[in-house]
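Report on the following structure.
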2 protein chains.
Amino acid sequence: MRSPSGREIPDEIDPILEELVRGIIGQVADKWTMLILEVLEEHGTLRFTQIGKLTGGISQKMLTQTLRQMERDGFVQRTVYPVIPPKVEYNLTELGRSLGAAFCAVWEWAAARHADIEAARKAFEERNGKA
Amino acid sequence: MRSPSGREIPDEIDPILEELVRGIIGQVADKWTMLILEVLEEHGTLRFTQIGKLTGGISQKMLTQTLRQMERDGFVQRTVYPVIPPKVEYNLTELGRSLGAAFCAVWEWAAARHADIEAARKAFEERNGKA
DNA sequence: ATTTATACGCACCAAAAGGAGAGTGACTGT
DNA sequence: ACAGTCACTCTCCTTTTGGTGCGTATAAAT
């Protein structure tokens with residue numbers, strides 16, 4: 001089967017896989033996850049507070065939560081040094097890096113097409129905003 | 001600048017573009033948006049209630065809301081036939097189809113790597129679940 | 001006269017997400 | 001003795017999200 005655009009669309013999608021994939025995308029597309037992914041890609045290995053500063057505006061709660069999720073999913077590696085005061089380092093795993101690479105396409109699409117989207121929004125407003 | 005993975009990372013990202021792109025991805029990665037994108041790709045032109053049935057489990061409120069958003073952003077075209085009872089048809093625009101294509105990479109990544117993710121989750125549970 | 005069908009809008013409510021700020025444990029520097 | 005550091009955790013509190021059910025217009029069908 002082919003879509004009107006001509007590109008291939010899987011005929012039947014395994015619903016279990018679909019559910020799982022959707023879940024993953026949902027998490028990954030999360031605001032903080034993407035930001036953290038970016039800063040870790042740029043800076044390599046970082047510790048907790050550094051990530052917090054570099055992402056900017058994230059609360060400690062969200063930082064911990066997001067980092068835990070990413071660790072759980074195998075995107076980041078968490079290294080604890082048993083010193084005092086505590087020291088914990090975070091860095092991307094290969095899986096995490098491959099995720100960033102996969103999302104690059106969406107990034108590029110959004111960068112290439114955002115003008116079209118904004119134009120569509122303007123047109124929409126004009127049609128429905130004041131009418 | 002290059003990431004440890006060797007793939008190119010944009011050096012400086014325009015924060016305005018970044019914000020916009022993040023917003024778009026956030027919306028698009030939404031559960032219902034993705035589902036509707038899929039059914040419209042598969043079935044071409046559909047009307048309101050048909051989309052509701054095919055997506056399965058969506059409330060009318062969310063269906064309307066998501067569809068409006070997609071129309072606003074230029075992903076779907078909405079055609080109203082002034083008949084009674086009302087008839088409204090929806091179909092993807094070229095922009096909508098290109099969006100689906102862009103997300104394909106993420107889909108494929110998730111499909112290819114979901115086993116790794118599940119393994120990571122299991123390992124994580126074993127480390128932290130009972131310990 | 002009443003029911004049915006369609007594509008919604010609106011008001012209300014429950015659940016979830018997320019922010020703010022205080023507390024913790026143990027050592028180190030003053 | 002006492003404040004400072006780090007990586008959290010815990011408890012409120014507010015905001016957001018999403019579901020449910022009701023209302024609506026109008027013509028055709030019963």
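Throughout, a chain's letter reflects where its sequence line sits, starting with A, and its residues are numbered from 1.
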Would you mind telling me which of [options] lies closest to the side-chain atoms of [X]?
{"X": "B:Gln60", "options": "C:dG9, D:dC8, D:dT5", "value": "C:dG9"}
{"X": "A:Ile84", "options": "D:dG19, D:dT9, C:dC27", "value": "C:dC27"}
{"X": "B:Arg78", "options": "C:dC8, C:dG18, C:dA7", "value": "C:dC8"}
{"X": "B:Ser59", "options": "C:dG19, C:dA7, D:dG19", "value": "D:dG19"}
{"X": "A:Arg68", "options": "C:dC8, D:dT9, D:dA7", "value": "D:dT9"}
{"X": "B:Met62", "options": "C:dG18, D:dG19, C:dG19", "value": "D:dG19"}
{"X": "B:Lys61", "options": "D:dC8, C:dC8, D:dT20", "value": "D:dT20"}

Rounding to an integer number of Å, can you tell me how far [X] [atom1] sits from [N] [atom2]?
{"X": "A:Asp30", "N": "C:dA16", "atom1": "CG", "atom2": "C1'", "answer": "14 Å"}
{"X": "A:Leu46", "N": "D:dC6", "atom1": "CG", "atom2": "P", "answer": "14 Å"}
{"X": "B:Lys87", "N": "D:dA27", "atom1": "NZ", "atom2": "C1'", "answer": "16 Å"}
{"X": "A:Asn128", "N": "C:dC8", "atom1": "CG", "atom2": "P", "answer": "12 Å"}
{"X": "A:Leu63", "N": "C:dA17", "atom1": "CG", "atom2": "P", "answer": "18 Å"}
{"X": "A:Lys31", "N": "D:dT16", "atom1": "NZ", "atom2": "P", "answer": "12 Å"}
{"X": "B:Gln50", "N": "C:dT6", "atom1": "CD", "atom2": "P", "answer": "10 Å"}
{"X": "A:Ile58", "N": "D:dA7", "atom1": "CD1", "atom2": "C1'", "answer": "14 Å"}

Item to check | Polar side chain donor-acceptor pair, A:Trp32 to A:Thr55, under 3.5 angstrom | outcome: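 Note: A:Trp32 and A:Thr55 side chains miss the donor-acceptor criterion.
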Item to check | Between B:Gln77 and B:Tyr90: side-chain donor-acceptor atoms closer than 3.5 Å | outcome: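 Result is no, nothing qualifies.
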Item to check | Residue that, paired with A:Tyr81, satisfies side-chain hydrogen bond (donor to acceptor under 3.5 Å, both in side chains) out of A:Lys87, A:Glu89, A:Arg47 | outcome: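 Going through A:Lys87, A:Glu89, A:Arg47 one by one, the side-chain hydrogen bond (donor to acceptor under 3.5 Å, both in side chains) with A:Tyr81 is satisfied by A:Glu89 alone.
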Item to check | B:Thr49 vs C:dA7: side-chain N/O to OP1/OP2 distance below 4.0 Å | outcome: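 True: B:Thr49 side-chain N/O within range (under 4.0 Å) of C:dA7 OP1/OP2.
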Next on the checklist: Any side-chain N or O of A:Arg47 below 4.0 angstrom from OP1/OP2 of D:dC6?
Outcome noted: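 Checking D:dC6 against A:Arg47, no side-chain N or O comes under 4.0 Å of OP1 or OP2.
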Checklist entry - Which part of the nucleic acid, if any, lies within reach of B:Tyr81 when heavy atoms closer than 4.0 Å are counted: base, sugar-phosphate only, or nothing? => result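 Nothing: the residue B:Tyr81, judged by heavy atoms under 4.0 Å, touches no strand.
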Item to check | Which residue lies more 5' along DNA chain D, comparing A:Leu67 with B:Gly57 via nearest heavy atoms | outcome: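 Closer to the 5' end of DNA chain D: A:Leu67.
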Checklist entry - Hey, any chance A:Val28 and B:Phe124 share a hydrophobic cluster, counting ILVMFWY side chains that come within less than 4.5 Å of each other, even indirectly? => result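 No, because A:Val28 and B:Phe124 fall into different hydrophobic clusters, even though each may have its own neighbours under 4.5 Å.
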Checklist entry - In terms of hydrophobic clusters joined by side-chain contacts under 4.5 Å, are B:Ile84 and B:Val80 together? => result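 Cluster IDs for B:Ile84 and B:Val80 differ.
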Checklist entry - Closer to the 5' end of DNA chain C via nearest nucleotide, is it A:Gln65 or A:Pro86? => result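 It is A:Gln65 whose nearest nucleotide is closer to the 5' end.
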